[in-house]
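Single-structure report; data block below.
We use all heavy atoms of the structure for the numbers below, so side chains are in, but hydrogens, waters and symmetry mates are not.
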Amino acid sequence: MASSLSSLSHLFHHPNSAFLTKLRRCCCCINICFISNKIHLSSSRSNRLNPGFNRSFSHQSHSPLISNEVPSLRHFMGRPVSTSDTHQQIDSISASEVLSKGRIYHETYGCQMNVNDMEIVLSIMKNAGFSETVEVPESAEIIFINTCAIRDNAEQKVWQRLNYFWFLKREWKINFASGRSQSVHPPKIVVLGCMAERLKDKILDADKMVDVVCGPDAYRDLPRLLEEVDYGQKGINTLLSLEETYADINPVRISKNSISAFVSIMRGCNNMCSFCIVPFTRGRERSRPVDSIVKEVGELWKEGVKEVMLLGQNVNSYNDASGIEKDVEPGDNWRLSEGFSSISKVKKMGLRFSDLLERLSTEYSEMRFRYTSPHPKDFPTDLLYLMRDRYNICKSIHLPAQTGSSSVLERMRRGYTREAYLDLVQKIRSIIPDVGISSDFICGFCGETEEEHADTLSLVRAVGYDMAYMFAYSMREKTHAHRNYVDDVPDDVKQRRLTELIEAFRETTGQCFDCQVGTIQLVLVEGPNRRAPDTELIGKTDRGHRVSFSNIPVPHFEHNDKRYNPKVGDYVEVRILKSSRASLSGEALAVTNLSSFYNKVDLPVACGNRI
């Protein structure tokens, strides 16, 4: 023991010593760094009885060591320090001296919000020292699976993947010896998202399959939860928040070279539709401050992003009351769509969705903006006129109907009738003639009759949607429907009705594409066309339609005397020549930008003849 301490003392006082090591003992882990006679020690484990109490170890807080003194226990006694003190100690250690804490593999299921949430998680983990990600789970020490609880099918996919991840963990020694696994220790398996909140007890009890369960509002706690696993505990935090928006987190973009990005502007939902689990897994509505959103979009613009999708469970109910000292008098922008109602009452009124869109479209005039997913009740007239007048707000509206039957809508607690929905569609198209409309539909909701199903088919044919998400009903626990209704439509009937709904959609959607033949559309280039990667490019129009075209040199709006091949991120004028009912193809005319294209006159309007 004495010889070991003497060796340690020699290392303490060697004039050129520089190394990093760890002393681990049951309940704490001490990082010790010696750099040119300076000793820095810090605990990587927080006080177990009080998570807010960090412990640090520093020679400087005690009497100085003399050159021939062997360090004793008092030199390693802890003292409470502030967060700033801890940062100063960490900053004194160069990045090359900090060992990797583990590689991350991640998978995401469900909506765009889950994709954005994973980017937030990666940012939190990067700030905690987990900066490396891998492409396959076999190479990871930490496996994140971000889950969706909207339908049973999504949950079954997650369980299948968890079984494989559990195999990698359970049989790690064999997998490592055979070369299947390249991780340095058995992976920690982390379940995130809506399924984590809904099935937390079941997941943790599943044969020690999962190490950490973390709900959508608790991602900041992930580094601590993972640390708990090192000490033989399960990590769980699924508490919902009335305030968490992650407004101060700068997401780590999963698609590094993408020219489009997601930006979350609000979280949660207050609508309490009887079929929907979201209010129980995502909590109540809360919105990020406008300034934080504008700042994030500005950073994306600097990175070369050309299109931003604004996200929220009920995105157009956005309400930034952060800078409001007193209630705002409700104006036109606070009125619900005509004929629509809501069971939720807004307690404090602030800046609305149209206010946010107006500022973003003004400050970033060469960037496109889309948004999802809205509720039909939150389309005041001023929002529609803003969309019409601003060329960089895409003329594409997702308008979830769920069903075409007023009686089913009442059971769903949607707050509107079939007639009110159709009136809103007509109003939207009268203000924005070339708008593209998409929707969501559920087949076989509780008590749905053949007549009610027929109402949905007729609604689809009457509106004529550009695109639609259609599903058979899947009852979710905790919902109003689960407590009050019976899931009494047989599965085979649900599937038959779903097939009929898809057929009705296909009958009409072709018209939305066909009527654009002969028009000139502005296409944002996303990359090579997979069907002809060497000769064709593909991108999206303002309405969100896919357009392919030959990659040939065309005039450039900044250099009229030369021709250039369009590249990813360019806006290209394309004359539409052909429609395939699901996509468009055409010929490239010129590389341009948003303002130049829309300042031109007499551009033909595509489809404006629907209800």
Inset, instruction - Check whether any side-chain N or O of T147 sits under 3.5 Å from a backbone N or O of M195 as a donor-acceptor pair, and report yes or no. - result: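 Here the side-chain-to-backbone pair exists.
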Inset, instruction - Please confirm whether the backbone N or O of C446 pairs with a side-chain atom of D488, one donor and one acceptor, at under 3.5 Å? - result: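 No, because the side chain of D488 does not come within donor-acceptor range (under 3.5 Å) of the backbone of C446.
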SB check [X] [Y] (cutoff 4.0 Å):
{"X": "R267", "Y": "D117", "value": "yes"}
{"X": "R253", "Y": "E303", "value": "no"}
{"X": "K494", "Y": "E448", "value": "no"}

Legend entry - Under the ring-ring contact (aromatic ring centres under 6.0 Å, His included) test, residues paired with F340 that sit two or more places apart: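 Here the qualifying residues are Y416.
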Legend entry - All ring-ring contact (aromatic ring centres under 6.0 Å, His included) counterparts of F369, not counting sequence neighbours: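 Not a single residue meets the ring-ring contact (aromatic ring centres under 6.0 Å, His included) criterion with F369.
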Legend entry - For E526, the option from L537, I259, V568 that meets side-chain contact (heavy atoms from CB on, under 4.5 Å):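 Passing option: I259.
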Inset, instruction - With sequence neighbours left out, write down each residue that passes side chain to side chain donor-acceptor pair (under 3.5 Å) with S580, or none if nothing qualifies. - result: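 For S580 the side chain to side chain donor-acceptor pair (under 3.5 Å) partners, ignoring immediate neighbours, are S583.
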Legend entry - Sequence-distant partners of N392, side chain to side chain donor-acceptor pair (under 3.5 Å), two or more places apart: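 N392 satisfies side chain to side chain donor-acceptor pair (under 3.5 Å) with no other residue.
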Legend entry - Pairwise ring-ring contact (aromatic ring centres under 6.0 Å, His included) hits with a residue in residues 567-593, at least two apart: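 For residues 567-593, and leaving out neighbouring residues, there are no ring-ring contact (aromatic ring centres under 6.0 Å, His included) pairs at all.
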Legend entry - Pairwise salt bridge (charged side-chain N to carboxylate O under 4.0 Å, His left out) hits with a residue in residues 286-295, at least two apart: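 The answer is D217-R286, R288-E296, D291-R359.
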Inset, instruction - Using the six-membered ring of F445, assess whether NZ or CZ of R411 lies under 6.0 Å from its centre and within 45 degrees of the ring axis. - result: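 No, R411 and F445 do not form such a contact.
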